[in-house]
Amino acid sequence: MADAKPSHAPQPDGATGALVLASGDVLWGRGFGAEGQAVGEVCFHTAMTGYQEIMTDPSFAGQIITFTFPHIGNVGANPDDVEADEPHALGMIVREDVTAPSNFRAVERLDGWMKRHARIGLSGIDTRALTRRIRQGGAPNGVIAHSASGTFDIDFLLELARAWPGLEGMDLAKQVTRETHGSWGEDRAGGIWRLGFGYGDSVDDDRPHVVAIDYGSKHNIFRNLAQAGAKVSVVPAEASYDTIMALQPDGIFLSNGPGDPAATGEYAVPVIRQLLDTGKPMFGICLGHQLLGLAVGARTTKMFQGHRGANHPVKRLADGVVEITSMNHGFAVERESLPANVRETHVSLFDGSNAGLELTDKPAFSVQYHPEASPGPQDSLYLFARFVGSL
């Protein structure tokens with residue numbers, strides 16, 4: 001006997017958006033932004049601010065974001081609050097309808113910004129119930145869809161959701177990295193930015209030179225490296241050891257990014273190992289942390305639901321200080337797999353997972369969280385000064 005089709009709630013009047021999960025469940029709502037459909041992993045984010053930074057974070061490639069804060073869009077959108085030149089999250093799910101902006105920096109409505117960037121939004125969803133579902137059952141695969149006419153082929157959307165392979169084993173860094181190498185700030189007059197002034201005048205080049213490998217980096221990481229006193233060059237994810245060393249770096253930075261670190265590590269880890277052998281200082285964030293872990297012999301694993309928010313407590317093991325951090329990751333370094341020459345430096349106080357490491361025989365360290373925030377607290381900005389100060 002053929003499997004029975006899953007039942008779902010009938011489409012209510014006025015529904016112009018839907019979230020179709022691989023389980024067969026359909027959540028109806030009101031679409032905004034672009035029309036169409038997108039398939040990916042459905043996750044949740046607990047930040048109360050910074051939705052524009054979150055949507056443009058390349059680490060969210062392949063994901064549909066459920067915002068737990070109900071009022072998303074009330075500060076509008078502007079050209080400064082972005083972490084990449086375009087959004088990388090596939091879409092957003094929110095409780096309340098997007099309203100007119102109420103912020104002196106807004107230049108357009110969020111729904112208009114979403115439409116202009118071909119991203120789908122869905123409002124009118126019980127985001128608390130959806131968040132509980134993800135917490136209890138893990139992040140599901142799903143399709144977010146918007147049709148102004150209210151016409152949907154649910155069977156087709158369900159097939160899309162079920163056919164999507166998921167993030168495990170998926171290398172997304174190649175999709176979000178830059179294509180060529182260049183200096184951070186070459187089109188931004190030096191790289192140091194201030195609210196109300198933008199990017200400042202060019203600064204001299206008598207600064208330590210950091211070469212950053214772009215696996216899906218955020219702008220604010222480079223702003224903080226520049227603010228800490230570094231000159232920054234950025235190379236693509238697949239840059240070779242020879243290409244990187246030809247730039248004569250004083251230090252190496254491994255950026256954040258999306259996807260499965262083991263898949264990206266197929267080409268990234270051999271290069272990182274060669275760079276470690278040079279003895280040059282190295283600093284990694286998020287995916288860069290995971291890749292550094294893989295390069296020294298540790299393992300990574302897919303997390304049940306991941307960490308995504310701007311209020312995650314992390315304990316610094318050296319002195320017991322607790323830092324409130326911004327996190328965005330669905331994979332983690334397995335503590336039990338760390339080799340003898342690696343010291344764990346930070347742990348998550350939410351679930352005890354690894355949140356930082358450093359090598360005892362080489363000047364290299366990394367953290368799982370995002371010290372650059374955007375959005376989030378600034379408790380961990382000292383890490384940029386530590387790294388640049390070591391060059």
Side-chain angles (χ1 to χ4, degrees), residues 3 5-9 11 15-45 51 54-67 84 86-94 111 114-127 129-131 133-134 137-176 216 257-260 263-264 302-306 308 328-331:
D3 293 338
K5 290 185 177 180
S7 60
H8 54 76
Q11 182 174 353
T16 58
L19 177 67
V20 181
L21 302 179
S23 63
D25 295 314
V26 180
L27 283 66
W28 296 103
R30 296 177 291 276
F32 63 90
E35 291 190 72
Q37 67 266 337
V39 59
E41 181 180 86
V42 184
C43 62
F44 66 86
H45 202 291
Y51 52 78
I54 293 166
M55 287 297 296
T56 54
D57 181 351
S59 295
F60 274 118
Q63 294 179 304
I64 301 164
I65 304 172
T66 305
F67 285 97
E86 62 181 357
H88 288 283
L90 298 171
M92 66 165 63
I93 301 166
V94 299
D111 45 6
M114 292 277 287
K115 184 175 182 178
R116 184 163 59 84
H117 288 287
R119 290 300 185 268
I120 301 169
L122 182 59
S123 66
I125 298 297
D126 186 344
T127 51
L130 180 55
T131 298
R133 179 190 183 110
I134 296 171
N141 295 344
V143 176
I144 185 172
H146 173 204
S147 169
S149 67
T151 303
F152 299 94
D153 185 340
I154 296 300
D155 290 339
F156 171 71
L157 297 179
L158 179 58
E159 289 179 9
L160 285 181
R162 289 179 170 173
W164 194 68
L167 292 177
E168 195 163 9
M170 188 175 291
D171 172 29
L172 294 176
K174 291 179 182 178
Q175 298 181 20
V176 300
D260 188 337
T264 303
K302 182 80 162 63
M303 303 175 74
F304 181 65
Q305 63 184 17
R308 299 172 184 92
N328 171 20
H329 64 107
F331 293 81

K.L.:
Please identify each residue that fulfils side-chain hydrogen bond (donor to acceptor under 3.5 Å, both in side chains) with Ser123, with sequence neighbours left out.
P.N.:
Asp97
K.L.:
Using every non-hydrogen atom in the two residues, find where Pro140 and Leu21 come nearest and quote the distance to one decimal.
P.N.:
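Nearest pair, atom of Pro140 first, then Leu21: CG-CD2, 4.1 Å.
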K.L.:
Show the nearest heavy-atom pair for residues Ala22 and Leu158, with the distance to one decimal.
P.N.:
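Residues Ala22 and Leu158, closest heavy atoms: O-CD1, 3.9 Å.
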K.L.:
Just distance, no hydrogens or angles: give the donor-acceptor pairs under 3.5 Å from side chains in residues 87-94, sequence neighbours left out.
P.N.:
none

K.L.:
How far apart are the closest heavy atoms of Gly142 and Ala161, and which atoms are they?
P.N.:
CA-CB, 4.0 Å
K.L.:
Can you name the side chain to side chain contact (heavy atoms under 4.5 Å, CB included) partners of Ala129, sequence neighbours left out?
P.N.:
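Residues passing side chain to side chain contact (heavy atoms under 4.5 Å, CB included) with Ala129: Asp126, Arg132.
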K.L.:
Checking Phe152 now: which residues fulfil ring pair (Phe, Tyr, Trp, His ring centres under 6.0 Å) with it, not counting sequence neighbours?
P.N.:
Trp28
K.L.:
Examine distances only and state if a side-chain atom of Gln11 and a backbone atom of Gly150 form a donor-acceptor pair shorter than 3.5 Å.
P.N.:
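Side chain of Gln11 to backbone of Gly150, a donor-acceptor pair under 3.5 Å: yes, one is there.
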K.L.:
Could you pull out all residues at least two apart from Asp111 that satisfy side-chain hydrogen bond (donor to acceptor under 3.5 Å, both in side chains)?
P.N.:
Arg109
K.L.:
Atom CE in Met170, atom CG in Asp260: separation rounded to 0.5 Å?
P.N.:
9.5 Å
K.L.:
Please step through side-chain contact (heavy atoms from CB on, under 4.5 Å) for the pair Val20 and Gln37, ending with a clear verdict.
P.N.:
CA-CA 10 Å; Val20 181; Gln37 67 266 337; over 6 Å; no
K.L.:
Quick one: side chain to side chain contact (heavy atoms under 4.5 Å, CB included) partners of Thr16, sequence neighbours excluded?
P.N.:
Arg30, His146
K.L.:
Looking at residues at least two apart in the chain, or sitting in another chain, which of them share a ring pair (Phe, Tyr, Trp, His ring centres under 6.0 Å) with Phe60?
P.N.:
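Expected list: His45.
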K.L.:
Can you sort out the partners of Arg308 under salt bridge (Lys or Arg N to Asp or Glu O under 4.0 Å), two or more places apart, ordered by chain and number?
P.N.:
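With sequence neighbours excluded, Arg308 shows a salt bridge (Lys or Arg N to Asp or Glu O under 4.0 Å) to Glu41, given in chain and number order.
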K.L.:
Going by the rule side-chain hydrogen bond (donor to acceptor under 3.5 Å, both in side chains), which residues pair with Thr151 if we only count those two or more places apart in sequence or in a different chain?
P.N.:
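Per chain and number, Thr151 pairs via side-chain hydrogen bond (donor to acceptor under 3.5 Å, both in side chains) with Ser149.
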K.L.:
Working to the nearest 0.5 angstrom, can you tell me the gap between Ile120 CD1 and Lys115 NZ?
P.N.:
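Rounded to the nearest 0.5 Å, the CD1-NZ separation comes out at 12.5 Å.
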K.L.:
For side-chain contact (heavy atoms from CB on, under 4.5 Å), just list the numbers for Asn328 and Ile54, CA-CA rounded to whole Å, side-chain angles, deciding distance to a tenth of an Å, and then say yes or no.
P.N.:
CA-CA 9 Å; Asn328 171 20; Ile54 293 166; over 6 Å; no
K.L.:
Locate the shortest heavy-atom distance separating Leu172 from Ala61; write the atom from each residue and the value.
P.N.:
CD1-O, 3.4 Å
K.L.:
Output the distance between atom CG (Asn141) and atom CG (Leu160), rounded to the nearest 0.5 Å.
P.N.:
11.5 Å
K.L.:
To the closest 0.5 Å, what do you measure between CZ (Arg119) and CD (Glu86)?
P.N.:
6.5 Å
K.L.:
What is the distance from atom CD of Glu159 to atom CG of Leu157, rounded to the nearest 0.5 Å?
P.N.:
9.5 Å
K.L.:
Which atom names give the shortest non-hydrogen contact between Asp171 and Gln175, and what distance separates them?
P.N.:
O-NE2, 4.4 Å
K.L.:
Please check if atom NZ in Lys302 has more than 12 non-hydrogen atoms from other residues, nucleotides or ligands closer than 6.0 Å.
P.N.:
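Yes.
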K.L.:
Where the side chain of Thr66 meets the backbone of Cys43, is there a donor-acceptor pair that is under 3.5 Å apart?
P.N.:
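Between the backbone of Cys43 and the side chain of Thr66 there is a qualifying donor-acceptor contact (under 3.5 Å).
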K.L.:
Calculate, to the nearest 0.5 Å, the distance between atoms CG and CG belonging to Asp25 and Leu19 respectively.
P.N.:
9.5 Å
K.L.:
Please identify each residue that fulfils side chain to side chain contact (heavy atoms under 4.5 Å, CB included) with Phe304, with sequence neighbours left out.
P.N.:
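Per chain and number, Phe304 pairs via side chain to side chain contact (heavy atoms under 4.5 Å, CB included) with no residue.
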K.L.:
Looking only at heavy atoms, which two atoms of Gly216 and Pro58 are closest? And how far apart?
P.N.:
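Of all heavy-atom pairs spanning Gly216 and Pro58, the closest is O-CB, 3.3 Å.
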K.L.:
List in chain and number order the residues that pass side-chain hydrogen bond (donor to acceptor under 3.5 Å, both in side chains) with His329, two or more places apart in sequence or in another chain; answer none if no residue qualifies.
P.N.:
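With sequence neighbours excluded, His329 shows a side-chain hydrogen bond (donor to acceptor under 3.5 Å, both in side chains) to His307, given in chain and number order.
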